[in-house]
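Reading through the structure tokens given below for one structure.
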Amino acid sequence: MSRAQRIAFVCPRFSEKGTVGGAETLLKALAEQAAEMGREVDFLTTCAESHFTWENVLPAGSRRIGKLNVHFFPVDSRDTATFFRVQTAISNRGNFTEHDEELWIRNSVNSEALYQHLRENGNRYDRIVTGPYLFGVTFFASLIHPSKTLMVPCLHDEPFAYLSIMQKLFRSVSGFMFNAEPERDFARRLFNIDPARCTVVGLGMDPFEADPAAFAKRHKLTAPYVIFCGRRETGKGTPLLCDYMAAFRERTGRDVRVVFTGSGPIEAPASLEPFIMDLGFVSDREKHEAMAGAVAFIHPSVLESLGIVLLESWLARTPVLVHAKSEVLRWQCARSGGGLWFRGYPEFEEELTLLLDQPDVRARLGKAGEAYVRSEYAWTAVRKRMFDALDGTAS
Amino acid sequence: MNDALFQVNAPGADVEKLVADIRAAVEKKMRDGAYADARIARAERTNLVNLRNEDQFLGFYLKCLHDAVFVDISDFEIRERRPLFGPLLIALKKVIWSLLKFYTYRLWSQQNQVNGLIVTAIEGLDEKYAEKIKTLEQRVAELEKRK
């Protein structure tokens, strides 16, 4: 393959402020890095901001944002009743046909205007990068010029990955940029993908310094605390975190608080509510200082393909506790030495107690995590892996 | 509730070993009944879906559930977080509770009976099938030996 000079990135959402999900953050960051290194980058996205309503709120058209040419296309009208009916059947592993799968993806988030742009201008691009896999926009955009399309799937072991339409998608595109080795291995098992089509790229992280005492001092917090940053929802495991922390406080009698940043409602037992600090959206500095002062960052989600907040937490020298069922997060912890994993409450209780009682262990895990992120997720390393994939030099 | 289990003194923490040590210690404490606790059963409500295929988890969860199954239907401390009209609101809530208690007590106590019967039935099934599987595994092992 030749050097990919003109690249189109396709992603369902784009935010200038960085308040979208992890996959969107990832695609945007990769696009910015490619542009930074002299590639011509078009970012094709929709006019939607909310991943709940998918309402067209941003004006359609093209804008120069930083070094990117961002093209906003309207989301098509869709039959949400059909979409949710089939989605529920898929999620519950119920009865559905291949026709239902087609109905589901056609009534997902789609943009005919975006597809038309790719059909008309596809020849101008050397490479098209799409993701994440679960959206109509990614699905149909990937199939327009599959021979020059690389997908950033952000794949999880979930019912949607097993759909027959996904077999078609994963077998059609030219290659993949995965976030982690367990994600790649899962995709290879599921879709029988040639290893030559797979590159593990990830996301570069900019190191930062954060004062571990600043957050607690500012908020007059004297008790130790654990932290979670990101969307608060069942899929992210935040109800489990609240249930575990309520049980931990009751069983051990220790005053450990819970700090949340991010969006979404917090489902917590009444006994824990007075001990939760919900900061909502905060600046990166505030978040990093909150992470730096925490006993641990707790990430109970089992569906992660990278875990950006985990990497941030390690840069703040804070160890992590993750759910053992998340292959990716467990793999990150084992590789870095920066965190521990639990299958159920008893292991969680022992691990958190260990970090509370042995600050030297906490410090050692935090430092190991930091060293890991600084070497594996430095932009120089990530850029090399990304350009190896884009330019077809990956082995 | 939690005695210090570990002292990690190595210069670099081997997290694989650390987790393995924690698991071994948890298993021992589990056998001693340290986690047969209704509060753990409640805490694990969203984790059931993640661990339903783990061999040991169901047995452990059933032990916790044994205590959690009976809902507390006795009187409780009525509180009010709003400072304005706080005492008045507490008094009002106490009156409502005393009126409702008569009607709901019978309902909840019946529900508790049903919950108890269901857990006993599930425990019985679990024991029965665990025994059956054990016997079958022994037979398979014997048959394989004979080959």
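Owing to the predicted nature of the structure, the values given are computational and were not obtained by experimental measurement. Proteins get letters first, then strands, A, B, ... in listed order; numbering begins at 1 in each.
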Are A:Tyr244 and B:Asn47 side-chain neighbours, meaning at least one heavy-atom pair lies under 4.5 Å?
yes
Are the side chains of B:Met30 and A:Pro346 in touch, meaning some heavy atoms are under 4.5 Å apart? yes
Pair count under 4.5 Å, heavy atoms only, with chain B: among A:His323, A:Glu250, A:Arg343, highest is A:Arg343
Counting only heavy atoms not in B:Trp108 (residues, nucleotides, ligands), do more than 12 fall under 6.0 Å from its CH2? no
* **B:Tyr103, OH: over 12 other non-hydrogen atoms inside 6.0 angstrom** => no
Is the count of non-hydrogen atoms from other residues, nucleotides or ligands lying under 6.0 Å from A:Tyr162 atom OH greater than 12? yes
Note to self: Check this for me: B:Lys94, atom NZ, are more than 12 non-hydrogen atoms of other residues, nucleotides or ligands nearer than 6.0 Å?
What the structure shows: no
If one checks every heavy atom of A:Ala334 against chain B at 4.5 Å, the contacting part turns out to be both
Practice prompt. Verify the neighbour count for atom CG of A:Asn92: are there more than 12 heavy atoms of other residues, nucleotides or ligands below 6.0 Å?
Written response: yes
Between A:Glu347 and B:Val19, does the side chain to side chain contact (heavy atoms under 4.5 Å, CB included) criterion hold? Intermediate values first, please.
CA-CA 9 Å; A:Glu347 288 169 17; B:Val19 171; 5.5 Å; no
Between the CD1 atom in B:Ile22 and the CH2 atom in A:Trp341, the distance rounded to the nearest 0.5 Å is 9.5 Å
Can I get a per-line list of side-chain donor-acceptor pairs under 3.5 Å for residues 84-91 of chain B, giving both atom names and the distance, sequence neighbours left out?
none

Run the salt-bridge test on B:Arg23 and A:Glu350 with the 4.0 Å N-O cut-off and return the result as yes or no.
-> no
salt_bridge(B:Arg42, A:Asp243) N-O dist < 4.0 Å:
no
Rounded to the nearest 0.5 Å, the CG atom of B:Leu18 sits from the SG atom of A:Cys333 at a distance of 11.5 Å
Honestly, the part of A:Leu240 sitting under 4.5 Å from a heavy atom of chain B is both
**OP:** Indicate whether any N or O donor in one side chain lies under 3.5 Å from an N or O acceptor in the other, for B:Tyr35 and A:Glu349.
**Re:** no
Check: Under 3.5 Å, is there a donor-acceptor pair between the B:Asp37 and A:Tyr345 side chains?
Finding: no
Rounding to 0.5 Å, atoms CZ (A:Arg330) and CD (B:Glu16) come to a distance of 8.5 Å
Please check if the number of heavy atoms outside B:Arg106 that lie under 6.0 Å from its CZ is greater than 12. no
